[in-house]
K.L.:
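Sharing a structure with you now.
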Protein chains: 2
Amino acid sequence: MTSGSRHGGQHSAPTPRVRLVDVAREAGLSKTTVSAALNDTGRLSPAVREKARETARRMGYRPNATARQLRAGRAKLIGYVVGEAADAPSVFLESPYFARLTGATAATALRRGYALVLLPSGSLQSEWADLPLDAVVVTDPGADDRIVDDVLAAGIPVFSDRSVEGRQGAHWVDVDIDAAVRSVLDHFRDQGARRPVLVVPDSTTRFHVEVFAAHREWCAEHGLQERVVRVGEPGNGPVVRAVETALAGGPEADGETVAGGGPAAGVDRPDALLVVAEASPPLVLEAVRRHGYDVPGDLLLVCVSEDATAEQTDPPVTTLTLRPEAIAEAGIDHLVKVLEHGSREPSGTLVPTRLDVRASSVRRP
Amino acid sequence: MTSGSRHGGQHSAPTPRVRLVDVAREAGLSKTTVSAALNDTGRLSPAVREKARETARRMGYRPNATARQLRAGRAKLIGYVVGEAADAPSVFLESPYFARLTGATAATALRRGYALVLLPSGSLQSEWADLPLDAVVVTDPGADDRIVDDVLAAGIPVFSDRSVEGRQGAHWVDVDIDAAVRSVLDHFRDQGARRPVLVVPDSTTRFHVEVFAAHREWCAEHGLQERVVRVGEPGNGPVVRAVETALAGGPEADGETVAGGGPAAGVDRPDALLVVAEASPPLVLEAVRRHGYDVPGDLLLVCVSEDATAEQTDPPVTTLTLRPEAIAEAGIDHLVKVLEHGSREPSGTLVPTRLDVRASSVRRP
DNA sequence: GTGAAAGCGCTAACAC
DNA sequence: GTGTTAGCGCTTTCAC
């Protein structure tokens, strides 16, 4: 038994890790040389380089990441928060969109050498203050979210949606909301629909605010009545109820309000429905049918959703995908560029969406 | 303008952060004193302590987390991986179970002072090797997953499910699978069902393997025929097809196999269905109805799922919840205990599940 | 080509 | 009570 085995006490002490000095000593070299050999830097003779490497391997040497970070001055750690704190405590990730955005962001970041630290929405300053974060990604902050300000105040760059545009140290990546909404409404129009209704969350998230605005603008441009039902809270239940309100046409129901509510049912029934609130497509479809509509016969249906169940229903539901993977990639690309090329100038990137047309929104001939 | 403002060049250099020395110098004290004042340690006169704190606050001092970590010897960072690597690349999180488990784990860990680093399944060793991880949490590793071995080999403690039981440096938290399966089958029996079918993924994850085993055992004990349909791949599509196979009763269909497949339809039709594969409850319900079953009249339905849509269907679907929040809490509690009290002895914790009985599994009188 | 030494920013002995 | 000093483990000039 060579050196390296310690006094095998009954407590099996937490294995004192082998450090660079240990390898150097063992190999009869200096720290410098071993470090250079392992990092492929400096000018070393191939023989020495190999010897250092071999020894390190044999001794099971693994560099101390923290020491490296300290030396390097950055930890290659990124904080990741999903906005809309207050009410929904840690139930984030529940929507397919955030789930995929989160997964993709983590994967992309890691590939670029950055690790993602999950910061549940509503995390207190004190909880992340002890983390060596190079930057923080804040997805869909609410208008009243403290997080963006707190992070910026701490001198940490923020990457978020377009709502932070122009702020010092803040950068953004966002979807082209206007184009997205227009693509759906144009599609409805192409299919002959004339009385589309929008169901959108009544939130301060930029995305929802912009959807509302884009819809209003499009309606004005096309001389159509603006029909909107706003959903008070997230969750399948409220959204389904909002859909029912939209189809009933009346401005009643709890928590929801309908703007420009037209006359009763009958002649003025909606003929197309755009559900922007995250909801399960099968449930939406079921609700629509409960109200006596045939899809797509009486009503064209499009959901903004990443939910894979949209392809499994009968008929399959047309979805507008925000392409979370693309957003993640654009965001991390941007982040790496800013972090590694030092610009603190505010800047942004726009990512296009994609409309996956399925049977639910195609008028049969 | 006091000192502190740098040459306000057009490039606004990345703001050289104020360090402990800077505060000390400014306050006319030593590093030690300031450090003690800020950390509430040592014996300092209240006046000095306050002065140090005040100066630090005024200068916007924020301690360098990396330096602290180096000094402390641990980074308070935990890696988090969702198993079943190979095929499903980063699509993890998509299931409500993993989404909630992940969110809850992050939140709980952070509350206990540990930050969670998201490691997409299939991450390469080289991608996390540079992270100062104190431990790694691996949820539901597949039997052939390399990750657990890799992490243990790197000398990092692993917290996973019971499949790692007994391994050096590995600890586990798991649900009481046997009790869970029995509770459902007993419930079916109480409701008068005699021909229950199990739909379970054909995976090497311990959970699924154990569900299969527990079911088999229960059937043997009660002298019932063992009816099982195994699902080849995850996803709503395959699961729904498996459900259809189960109801058709025949051993056909692609990718699925039925063990103990009985005679054709008719007399031997299943009267209860336990879907353990993660699938959307509304879709399952719809599939069941397509095959002419009334729920719960002809067939009792229970899904193992955290999907909130289960409460929104008509009838609402009974679910067996694995209580991801409880698992997360038990896991992190366990982890903190091990990490901070140093035991490397393998150890484990069992978490009970909960059956939320809803109309889909209650025989009407 | 190789090694000695400085130092990243912090904390904790240990003198004074 | 307060300050001086020695590292935590690593990378990197800069002499030799």
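Within every chain, numbering begins at 1; the chains are lettered A, B, ... in the order of the sequence lines, protein sequences first and strands thereafter.
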K.L.:
Nearest-Å distance, CG (D40(B)) to C1' (dA12(C))?
P.N.:
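So the two atoms are 16 Å apart, to the nearest Å.
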K.L.:
Would you call the rings of H171(A) and F159(A) parallel, tilted or perpendicular, taking 30° and 60° as the class edges?
P.N.:
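Parallel.
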K.L.:
Identify the two heavy atoms, one from A75(B) and one from P132(B), that lie closest to each other, and give their separation to 0.1 Å.
P.N.:
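It is CB-O, 3.2 Å.
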K.L.:
May I ask you to evaluate whether Y61(B) reaches the phosphate of dG9(C), defined as a side-chain N or O under 4.0 Å from OP1 or OP2?
P.N.:
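For Y61(B), the contact criterion (side-chain N or O under 4.0 Å from OP1 or OP2 of dG9(C)) is not met.
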K.L.:
Between A67(B) and K31(A), which has a closest nucleotide on DNA chain C that is more 5'?
P.N.:
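Looking at the nearest nucleotide for each, K31(A) comes out on the 5' side.
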K.L.:
If you look only at pairs with a residue in residues 62-74 of chain B, which of them pass as a salt bridge (charged side-chain N to carboxylate O under 4.0 Å, His left out), with sequence neighbours excluded?
P.N.:
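Found D130(A)-R68(B).
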K.L.:
Checking side-chain polar atoms at under 3.5 Å, does S30(A) have a donor or acceptor matched by the opposite partner on T33(A)?
P.N.:
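Per modelled atom types, S30(A) and T33(A) side chains form a pair under 3.5 Å.
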K.L.:
Can you check whether any acceptor in the base of dA12(C) is under 3.5 Å from a donor in the side chain of S35(B), or vice versa?
P.N.:
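Result: no qualifying N/O pair found.
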K.L.:
What nucleotide among dA15(D), dC10(C), dC8(C) has an atom nearest to a side-chain atom of R71(A)?
P.N.:
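Side chain of R71(A) sits closest to dC8(C).
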K.L.:
Using a 4.0 Å heavy-atom cut-off, does R19(B) contact any base of the nucleic acid, only the sugar-phosphate backbone, or nothing at all?
P.N.:
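Here R19(B) touches the backbone only, sparing every base.
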K.L.:
Side-chain N or O of N39(B) versus OP1/OP2 of dT11(C): is the shortest distance under 4.0 Å?
P.N.:
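The answer is yes; a side-chain N or O of N39(B) sits under 4.0 Å from OP1 or OP2.
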K.L.:
For R74(A) and dC8(C), what is the distance between atoms CZ and C1' respectively, to the nearest whole Å?
P.N.:
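One finds 13 Å between C1' of dC8(C) and CZ of R74(A), rounded.
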K.L.:
What is the distance from CD of Q69(A) to P of dC8(D), rounded to the nearest Å?
P.N.:
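It works out to 18 Å between those atoms.
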K.L.:
Any luck finding a side-chain donor-acceptor pair between T102(A) and Y80(A) under 3.5 Å?
P.N.:
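Their side chains do contain a donor-acceptor pair, which is all the 3.5 Å distance test asks for.
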K.L.:
How many whole angstroms separate atom CG of L29(B) from atom P of dT4(D)?
P.N.:
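Interatomic distance, CG of L29(B) to P of dT4(D): 11 Å.
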K.L.:
Given atom CG of L38(A) and atom P of dT11(D), what is their separation to the nearest angstrom?
P.N.:
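Computing the L38(A):CG to dT11(D):P distance gives 8 Å.
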K.L.:
To the nearest angstrom, how far is N64(A) atom CG from dT11(D) atom C1'?
P.N.:
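Atom CG in N64(A) sits about 13 Å away from atom C1' in dT11(D).
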K.L.:
Hey, does the side chain of T33(B) come within less than 4.0 Å of dG3(D)'s phosphate (OP1/OP2), counting only N and O?
P.N.:
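For dG3(D), OP1 or OP2 has a side-chain N or O of T33(B) closer than 4.0 Å.
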K.L.:
Rounded to whole Å, how long is the line connecting atom CG of L20(A) with atom P of dC8(D)?
P.N.:
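So the two atoms are 13 Å apart, to the nearest Å.
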K.L.:
Is a donor-acceptor pair below 3.5 Å formed from side chain T32(A) to base dT12(D), judging by atom type as modelled?
P.N.:
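In this structure, the two groups form a donor-acceptor pair.
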K.L.:
Does T41(A) contact dT11(D) through a side-chain donor or acceptor facing the base, at a distance under 3.5 Å?
P.N.:
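There is none.
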K.L.:
Is any side-chain N or O of R68(A) under 3.5 Å from a base N or O of dT11(D), one able to act as donor and the other as acceptor?
P.N.:
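Per atom types, no contact qualifies.
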K.L.:
How long is the line joining CG of L70(B) and P of dC10(D), in whole Å?
P.N.:
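Taking CG of L70(B) and P of dC10(D), I get 9 Å after rounding.
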K.L.:
Pick the nucleotide of DNA chain D nearest each of V48(B) and V21(A); which residue has the one closer to the 5' end?
P.N.:
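With V48(B) and V21(A) compared, the 5'-side residue is V48(B).
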